[in-house]
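Reviewing the structure listed below.
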Amino acid sequence: MPELPEAHTVANALNLFLQGHSFEKIEIFIDKLRYPLAPLLDAGLLNQPVLEVRRRARYIIIELANRRALVVHLGMTGVFRQSEPGDERRKHEHVIFHLDNGRQLRFECTRRFSSITVCELDAPGAEPECLAALGVEPLSTDFTAAYLYRELHRRKCPVKIALMDNAVVVGIGNIYAAETFFKARISPLRPAHKLTRKECAVLVETARGVLAAAIEAGGTTFSDYRQLDGTEGLFERELLVYGRKGEPCTACGTPITTATQGGRTTFYCPKCQH
DNA sequence: AGAGATACCTGGGAGC
DNA sequence: TGCTCCCAGGTATCTC
């Protein structure tokens with residue numbers, strides 16, 4: 001399931017595939033994903049060269065020459081696939097972008113948690129207005145121990161909830177949150193405002209390391225995620241706690257425990273993480 | 001205002 | 001075997 005590293009990997013692949021090319025036709029086969037798709041057909045997206053494909057948080061931004069941009073969120077099961085005309089349409093392929101070079105880009109999404117919207121940018125390279133409320137990028141220099149301490153200090157919720165809050169820092173989902181807290185040896189159940197400055201520094205560095213390693217590996221792969229050419233990411237085998245309920249902790253052997261936070265399952269070692 | 005719950009959606013697995 | 005139930009996930013939106 002795509003988190004930030006997956007969006008990063010996909011954006012890079014899309015940039016290679018789309019840059020300089022334009023859409024000649026867009027076909028939609030479903031009324032809506034998270035939002036209605038009909039606006040894609042009447043938004044001036046055709047015959048405009050793609051300037052760049054980039055990422056902000058988990059959103060993929062496909063910027064066209066006329067300053068229109070497609071803003072795509074992969075949700076849980078969104079997948080882009082390069083196809084050729086005549087390829088049979090798969091069951092959950094909802095959108096087909098026909099390119100000026102005769103090739104196709106298809107968007108598939110089983111659970112329909114994904115979104116594809118159109119927005120107009122204020123200037124070339126600008127951030128879409130619909131993404132303005134997002135917090136800092138975890139791999140940027142804005143994500144510092146001082147910043148995190150400030151944000152956590154005014155929140156009484158569990159620290160895991162705060163770290164996954166997109167208004168604080170973007171792109172840390174359930175899987176990477178679990179790995180980060182395990183490697184940082186900090187309990188995800190702790191009240192956010194009780195973390196020390198030192199612990200915030202550890203969290204920042206650990207989260208960065210986890211995400212960077214995942215990007216390096218091409219993203220975590222579960223049943224749904226594939227890169228554009230169909231190859232799988234390799235990070236899955238490196239997960240230390242996520243999905244390992246009852247298995248021995250790799251550090252101390254204590255069985256990994258779960259808790260429910262914000263309606264999501266949290267995996268952690270009750271002995272190592274304080 | 002901040003926090004917690006819920007809807008959205010499908011496939012896969014467990015249990016009967 | 002076939003049925004029902006539950007779970008997974010991020011985000012928007014609701015309620016308290």
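Below, read A as the first sequence line, B as the second, and so on, with proteins coming before strands; counting in each chain starts at 1.
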With A/Ile256, the side chain to side chain contact (heavy atoms under 4.5 Å, CB included) member among A/Cys272, A/Cys249, A/Pro248: A/Cys249
Answer yes or no: does atom CD of A/Glu129 have more than 12 heavy-atom neighbours from other residues, nucleotides or ligands under 6.0 Å? no
Please confirm whether any donor atom in the side chain of A/Arg34 sits under 3.5 Å from an acceptor in the base of C/dA12, or the reverse. no
Checking only heavy atoms, does the side chain of A/Arg264 share a donor-acceptor pair with the base of C/dG10 at less than 3.5 Å? yes
Are A/Val159 and A/Ile161 connected, step by step, through hydrophobic side chains (Ile, Leu, Val, Met, Phe, Trp, Tyr) whose heavy atoms are closer than 4.5 Å? no
From CZ of A/Arg111 over to P of C/dC7, roughly how many Å is that when rounded to an integer? 14 Å
Round to the nearest Å and state the distance from A/Met164 atom CE to C/dA12 atom P. 14 Å
Would you say the side-chain atoms of A/Glu247 pair up with the backbone N or O of A/Arg244, donor to acceptor, closer than 3.5 Å? no
Under 3.5 Å, side chain of A/Arg103 to main-chain N/O of A/Gln82, donor-acceptor pair present? no
Verify the contact: side-chain N or O of A/His73 to OP1 or OP2 of C/dG10, cut-off strictly under 4.0 Å; return yes or no. no
Would you please confirm or rule out a distance under 4.0 Å between OP1 or OP2 of C/dT11 and any side-chain N or O of A/Asn166? yes
Contact interval (first through last nucleotide) of DNA chain B with protein chain A, 4.0 Å heavy-atom: B/dA3 to B/dG11
Within 45° of the ring axis of A/Phe29 and under 6.0 Å from its six-membered ring centre, is that where the NZ or CZ of A/Arg89 lies? yes
What is the nucleic acid contact for A/Thr265, judged by heavy atoms within less than 4.0 Å: base, sugar-phosphate only, or nothing? sugar-phosphate
